[in-house]
There are 2 protein chains.
Amino acid sequence: MKIDPKNPANLSAQIAKSIRDSIINGDLIVDERLPSESELADQFDVSRPTVREALKRLAAQNLIRTQRGATGGAFVRRLRYQDAYAQHVTTSTLLLSMNDVTFETACEARFTLERACAPLSAKRRSAQQVATMRAEIQRQEQADLSDEHFCDSDVAFHRALVDGAKNPVLSYQLAGAVEAMQPLMNMITFSQRNREIIVGLHTRIANSIEAHNAASIDEALEELASYTLKLGRAALAARANRSKDAIA
Amino acid sequence: MKIDPKNPANLSAQIAKSIRDSIINGDLIVDERLPSESELADQFDVSRPTVREALKRLAAQNLIRTQRGATGGAFVRRLRYQDAYAQHVTTSTLLLSMNDVTFETACEARFTLERACAPLSAKRRSAQQVATMRAEIQRQEQADLSDEHFCDSDVAFHRALVDGAKNPVLSYQLAGAVEAMQPLMNMITFSQRNREIIVGLHTRIANSIEAHNAASIDEALEELASYTLKLGRAALAARANRSKDAIA
DNA sequence: AATTTTCATTTGTCTGACATTTATGATTTG
DNA sequence: CAAATCATAAATGTCAGACAAATGAAAATT
C-alpha cells in the first residue's frame with residue numbers, strides 16, 4: 001500500500017488510486033479505519049495537504065467518510081444503493097448533455113430497459129406499488145400541474161414500475177434510464193405532447209400491473225415508446241423549421 | 001457561484017457542490033476555463049488548499065481536468081463514455097461486494113438486462129461482431145486457459161453481444177451488469193461449472209446472432225441463466241456443507 | 001460512585017513559500 | 001529581416017508549519 005514511483009506528476013491521484021485498490025481488493029474492509037493523515041503522509045513520503053487531496057478524491061466517490069476528534073479519522077464507507085443511485089443519475093445526466101446523443105438512441109435505450117423490467121414487475125407487484133402508480137396518475141390528471149411537476153410525477157411513475165421488480169440491483173442499473181433520460185425526453189417533447197394520451201397509457205400500465213398481465217404492459221410500453229419517438233421527431237422538425245425561418 | 005454559508009464544516013465539499021451545480025445546469029460549459037485557484041479562493045473567501053481539495057473532488061468524478069503552465073488552469077471536462085463506463089463498473093463492483101446481494105438477485109438482474117439487448121443485437125449485428133464472438137469462443141475452448149482468462153473471455157463475449165445493439169447509451173447502462181456482475185458469478189461458480197456446456201451455449205448464441213434469430217438467442221440466454229443459477233446454488237450449498245463439517 | 005476537568009489525538013483550515021510547467025514576448029543572432 | 005534563444009509571468013503541484021475545532025478517554029474532584 002505504499003507503491004509510488006517518483007513520477008512527480010499527480011501524487012494525490014496516485015495515492016487515491018493506491019487506497020482505492022486496497023478497498024476494491026478487500027485489503028481494507030468496511031468501517032475499517034485508515035491511518036491518520038500524518039501517518040499516511042509518512043508512509044507515502046508526501047506532505048499532509050497532498051494526502052488530504054487524495055482523501056477528498058475518495059470522499060467524492062463515497063468510498064470513505066471522515067470523522068474529527070480523538071478517535072476520528074477516515075473510515076472505509078459502505079457504499080449504499082442510495083449513494084450509488086444518485087451518482088449514477090448525475091453521471092448519466094452529464095453524459096447525455098455532453099455527448100450529442102440522438103433522441104432515438106436515448107429513447108430506444110430507455111424503453112428497452114424498462115420493458116425488460118415489466119414482466120418481473122407484473123409478477124411481483126404489491127398493493128403499495130399499484131397505489132403509488134395510481135396516485136401519480138391522479139397528479140398527472142390535474143390540469144394546473146406545471147410541466148416541471150408533471151415530469152417529476154412521470155419519473156416517479158416509471159420508477160415505481162421499475163422498483164416493482166423488487167430487485168435492487170436492477171433498480172440501480174436502471175437509475176440512469178429513468179431519472180436522467182426521461183427528464184431529457186420530457187424537456188424535448190413537453191411542447192408537443194398531449195397529456196391525456198400519456199395519462200391514458202399510464203392507466204393501462206397500472207391496470208395491467210394490477211392484473212399481473214405482462215403482455216399487456218409490454219404493449220402499452222411499446223405504444224408509449226413510439227408515441228414518445230413521434231413527439232421527439234416532431235419537436236426536432238419544428239426546431240429545424242424555426243431555424244430555417246430565422247435564416248430566411 | 002459564490003454561495004457559502006458560514007457553516008464551517010466541510011467547506012471543500014460545499015465549494016465542489018457549487019461548481020458541480022454550475023456545470024450541471026450549464027453555467028459552465030465544456031472546455032470552459034474555471035477561475036484560477038487563487039481567484040476561486042478569493043471568491044469563496046477560503047484558502048487555496050481548501051479550493052484545491054474541492055477541485056480534486058471534481059477531478060475524481062472526471063468533471064474537470066487541470067493543466068499546468070501559463071495558460072493552464074482547471075477546465076470543464078467532456079465526460080466521455082469510456083470514463084463513465086469505467087466509473088460505473090467500479091461503483092457496481094463495490095456495490096455488489098459491500099451489500100450482501102444474493103446470487104439470485106444479481107443473476108436475475110444481469111440476464112434480464114442482457115436479454116433485453118439481444119433482439120436489437122440480432123437485428124443489427126455486424127460481421128465484425130460475429131467474428132469477435134467466435135474468436136472468444138475459440139479462446140474458451142482451449143483446455144489450458146486459466147479460470148481468470150476464461151472469465152475475461154466470457155466478459156468480452158457478452159460485451160460483444162451487448163455492444164451489438166449499436167446503442168452506446170445502452171452499452172453504458174449495461175456496463176455494470178456485464179463487467180461487474182459476471183466476474184462475480186464466475187468467481188462463485190468456477191469450481192462447479194462445465195466449460196463445454198457454456199461454450200455450447202455461447203456457440204448457439206453466436207450462430208443465432210449471425211442468423212438474426214432473436215427468439216433463438218433468447219432461448220439460449222434463458223438456458224444460460226438457469227444453468228448459472230443452478231451452479232450458484234450448488235456452490236453455495238457446497239460452501240454451507242463445508243462450514244458444517246468444520247463445526248462438526 | 002458520579003461528575004467535571006484536562007488532555008491528547010485527529011481532522012479542518014490557513015499562511016507562506018518554493019518547484020515545475022508552459023505560453024508569451026523580448027532579445028539576440030544568422 | 002527572420003529565426004532561434006532566453007527571460008518572464010502565470011498557473012498548478014507540493015511542502016512545512018501552525019492554529020482551530022471536535023471528540024473521546026483518562027485524570028481529578030466532589
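Chain A is the first sequence line, chain B the second, and so forth, proteins listed ahead of strands; every chain is numbered from 1.
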Peer 1: CG of B:Leu55 versus C1' of D:dT12: gap in Å, rounded?
Peer 2: 10 Å
Peer 1: Would you call B:Asn186 and B:Phe150 a side-chain contact if the rule is heavy atoms closer than 4.5 Å?
Peer 2: yes
Peer 1: Within the structure, does a side-chain N or O atom of B:Ser36 lie under 4.0 Å from either OP1 or OP2 of D:dA10?
Peer 2: no
Peer 1: Within less than 4.0 Å of OP1 or OP2 of D:dA16, is there a side-chain N or O belonging to A:Arg48?
Peer 2: no
Peer 1: Can you pull the ring-ring contact (aromatic ring centres under 6.0 Å, His included) pairs that have at least one residue in residues 57-82 of chain A, sequence neighbours excluded?
Peer 2: none
Peer 1: Measure the distance from CD on B:Gln67 to C1' on C:dT20 and round it to the nearest whole Å.
Peer 2: 14 Å
Peer 1: Nearest-Å distance, NZ (A:Lys56) to C1' (C:dG12)?
Peer 2: 8 Å
Peer 1: Using atom names, set out every protein N or O paired with an N or O of nucleotides 5-7 of chain C below 3.5 Å, distance rounded to 0.1 Å.
Peer 2:
none

Peer 1: Name the nucleic acid region contacted by A:Arg65, choosing base, sugar-phosphate or nothing; use a 4.0 angstrom heavy-atom cut-off, strictly under.
Peer 2: nothing
Peer 1: List the residues meeting salt bridge (charged side-chain N to carboxylate O under 4.0 Å, His left out) with A:Arg78, not counting sequence neighbours, and say none if there are none.
Peer 2: none
Peer 1: Mapping B:Arg33 and A:Glu53 to their closest nucleotides on DNA chain D, which lands nearer the 5' end?
Peer 2: B:Arg33
Peer 1: Specify the separation, in whole Å, of atom CG of B:Leu11 and atom C1' of D:dA21.
Peer 2: 13 Å
Peer 1: Measure the distance from CD1 on B:Ile15 to P on C:dT13 and round it to the nearest whole Å.
Peer 2: 8 Å
Peer 1: Which ones in residues 70-77 of chain B lie close to DNA chain C, meaning a heavy atom under 4.0 Å from one of its atoms?
Peer 2: B:Ala70, B:Thr71
Peer 1: In whole Å, what is the span from the CG atom of B:Asn10 to the P atom of D:dA21?
Peer 2: 16 Å
Peer 1: Nearest whole angstrom, please: distance from the P of C:dT13 to the CD of A:Glu37.
Peer 2: 11 Å
Peer 1: Of all residues at least two apart in sequence or in a different chain, which pass the salt bridge (charged side-chain N to carboxylate O under 4.0 Å, His left out) check with A:Asp31?
Peer 2: A:Arg65
Peer 1: Check side chain to side chain contact (heavy atoms under 4.5 Å, CB included) between A:Gln128 and all other residues, then give those that pass, not counting sequence neighbours.
Peer 2: A:Ser126, A:Thr132
Peer 1: For the ring pair B:His88 and A:Tyr172, is the centre-to-centre distance below 6.0 Å?
Peer 2: yes
Peer 1: Rounded to whole Å, how long is the line connecting atom CG of B:Leu34 with atom C1' of D:dT12?
Peer 2: 13 Å
Peer 1: Residues two or more places apart in sequence or in another chain: which of them pass side chain to side chain contact (heavy atoms under 4.5 Å, CB included) with B:Asp83?
Peer 2: B:Asn62, B:Arg77, B:Leu79, B:Arg80
Peer 1: How would you list all residue pairs meeting salt bridge (Lys or Arg N to Asp or Glu O under 4.0 Å) that involve residues 96-106 of chain B, not counting sequence neighbours?
Peer 2: B:Glu104-B:Arg233
Peer 1: Taking 4.0 Å as the cut-off, does a side-chain nitrogen or oxygen of B:Thr66 come that near to OP1 or OP2 on D:dG13?
Peer 2: yes
Peer 1: Using a cut-off of strictly less than 4.0 Å, decide whether B:Arg68 has a side-chain nitrogen or oxygen near OP1 or OP2 of C:dA19.
Peer 2: no
Peer 1: Looking at residues at least two apart in the chain, or sitting in another chain, which of them share a salt bridge (charged side-chain N to carboxylate O under 4.0 Å, His left out) with B:Arg124?
Peer 2: A:Glu108
